[in-house]
Number of protein chains: 2
Amino acid sequence: MSNEELLRHHGLRTTALRLDLLRLLQASDRALTHQEFEGGLKVEADRVSIFRSLNAFVEAGVAHRVLDGRGTSCFARCGTDCGHGHHNDTHAHFRCNTCGHVYCMDPIELPGVALPRGFKLAKSYLELDGTCKGCR
Amino acid sequence: MSNEELLRHHGLRTTALRLDLLRLLQASDRALTHQEFEGGLKVEADRVSIFRSLNAFVEAGVAHRVLDGRGTSCFARCGTDCGHGHHNDTHAHFRCNTCGHVYCMDPIELPGVALPRGFKLAKSYLELDGTCKGCR
DNA sequence: AAATTAAACGCAACTGTGTTGCATTTCAAA
DNA sequence: TTTGAAATGCAACACAGTTGCGTTTAATTT
């Protein structure tokens, strides 16, 4: 599926900015921060528009948001089974303590956890850190 | 161990602000944000001093830092086995999707994860969300 | 008890992320 | 080609968190 089709398929308009953002998303093997998007764009775009497009991606199921362990949002492409309002991002995220980059891992099974009385579990997320292959 | 002793034991001076922060930490069953500390203090204190004291707590092993899922830091008391530069915070954190509060869960075993070639794992963190007992 | 010194503090200023309001432009459909 | 909604740009704002620096204070020494 082309990026134009991808956007259309998720109910988003195809604009130069969004195609450019998708290009960056697809070219990267890891989650990117807003800053990295801004620095890598070929088109000129306002910070605010980038934020809004990335938020639109998340809402539409085109990308998912990951926190980088210091509170900054990173974005990575979703699998084909994500759609408007629902994400199937049941994979772990690995953050490198040296370069700070965040990588999506393969999907895994998470263990059940006993919660205190009254707590209702919705989702579990496994976050990993260590050293990535580029930083060893 | 009194709070004075606790601070002394971790190489920190006992000041009115730090004792007040410790009081709030101890009175809470969940991790608190900087804002909550600021609002709950009996003594007057500058925002910056609160940030600095909380950072000092983390570095000394008195408290640990948890992200609340929206990028803001929360702080909770450490167990007795944490010290300067090393934390034994091998427990999951639960964030309520309604009120946003973050709770520390009991320590659990995390499953081993197969990482891509070249990645070296340091630590794993299990993050949970759902509805807390106060919000059902 | 007074002097001393490093740690802690208060204040001002700054950085960076992320958001909101509003006017303007642009996409896509009629 | 017209048209309406979505997307963008710009200005301003909110908030977390940090840094520099001068002053105060805690704990040690004399």
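Since the structure is predicted, the reported quantities are computational estimates derived from the model, not experimental observations. Below, read A as the first sequence line, B as the second, and so on, with proteins coming before strands; counting in each chain starts at 1.
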Legend entry - Criterion salt bridge (Lys or Arg N to Asp or Glu O under 4.0 Å) on A:Arg52 and A:Glu59, from CA distance to verdict: CA-CA 10 Å; A:Arg52 282 200 265 236; A:Glu59 197 168 334; over 6 Å; no
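- A 6.0 Å sphere centred on NZ of A:Lys42 holds no more than 12 heavy atoms belonging to other residues, nucleotides or ligands.
- If you check every strand for non-hydrogen atoms under 4.0 Å, B:Thr33 touches nothing.
- Between A:Leu12 and B:His34, the residue anchored nearer the 5' end of DNA chain D, judged by the nucleotide with its closest heavy atom, is A:Leu12.
- For B:Gln35 and D:dA16, the shortest distance from a side-chain N or O to OP1 or OP2 is below 4.0 Å.
- In this structure, A:Glu44 reaches the sugar-phosphate backbone alone: every heavy-atom distance under 4.0 Å involves primed, P, OP1 or OP2 atoms, never a base.
- Comparing B:Arg13 and B:Ile50 by the nucleotide of DNA chain C whose heavy atom lies nearest to each, the residue mapping closer to the 5' end is B:Arg13.
- Listed nucleotides: C:dT17, C:dC11, C:dA28. Nearest to the side chain of A:Arg8: C:dA28.
- Nearest nucleotide to the side chain of B:Ser73, out of D:dA27, D:dG17, D:dA11: D:dG17.
- Contacts of A:Arg18 with the nucleic acid, taken as non-hydrogen atoms under 4.0 Å apart, involve only primed sugar atoms and P, OP1 or OP2.
- Distances from the side chain of A:Asn55 to the nucleotides C:dT19, C:dT20, D:dT18 place C:dT19 closest.
- Distance check: A:Arg18 CZ to A:Arg13 CZ gives 9.0 Å after rounding to the nearest 0.5 Å.
- Grouping the Ile, Leu, Val, Met, Phe, Trp and Tyr side chains by contacts below 4.5 angstrom, directly or via other members, places B:Val113 with B:Ile108.
- Rounding to whole angstrom units, CD of residue A:Glu59 and P of C:dG18 are separated by 16 Å.
- Atom CG of A:Leu54 is separated from atom P of C:dT17 by 13 Å (rounded to the nearest Å).
- One finds a salt bridge joining B:Asp29 and B:Lys133 here, because a Lys/Arg side-chain nitrogen approaches an Asp/Glu carboxylate oxygen to under 4.0 Å.
- Regarding B:Asp68, its CG atom lies at a distance of 13 Å from the C1' atom of D:dC15, rounded to whole Å.
- As rounded to whole Å, 16 Å separates atom P of D:dG17 from atom CZ of B:Phe57.
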Inset, instruction - Go through the steps for B:Asp129 and A:Lys120 under the test salt bridge (Lys or Arg N to Asp or Glu O under 4.0 Å), then give the verdict. - result: CA-CA 8 Å; B:Asp129 67 14; A:Lys120 182 134 203 286; over 6 Å; no
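- In this structure, NE2 of A:His84 is placed 15 Å from C1' of D:dA6, rounded to the nearest angstrom.
- We find that CG of B:Leu19 is positioned 13 Å from C1' of C:dA8, with the value rounded to whole Å.
- Here C:dC9 presents its C1' atom at 13 Å from CG of B:Leu21, a figure rounded to the nearest Å.
- For B:Thr15 and C:dC9, the shortest distance from a side-chain N or O to OP1 or OP2 is below 4.0 Å.
- Out of D:dG20, D:dA11, C:dC22, the shortest distance to the side chain of A:Arg52 is found at C:dC22.
- Looking at the side chain of B:Phe51, the nearest of the listed nucleotides D:dA27, D:dG20, D:dA16 is D:dA16.
- Donor-acceptor pairing under 3.5 Å, judged by distance alone, is absent between the side chain of A:Arg65 and the base of C:dG18.
- Counting any heavy atom pair closer than 4.0 Å across all strands shown, A:Ala56 reaches no nucleic acid atom.
- Both A:Asp46 and B:Arg47 sit near DNA chain D, but only A:Asp46 has its closest nucleotide nearer the 5' end.
- At the phosphate of C:dA8, neither OP1 nor OP2 sits under 4.0 Å from any side-chain N or O atom of B:Ser53.
- Among the nucleotides C:dT17, D:dT8, C:dC9, the one closest to the side chain of A:Leu17 is D:dT8.
- Atoms CD (B:Glu36) and C1' (D:dC15) sit 15 Å apart, rounded to a whole Å.
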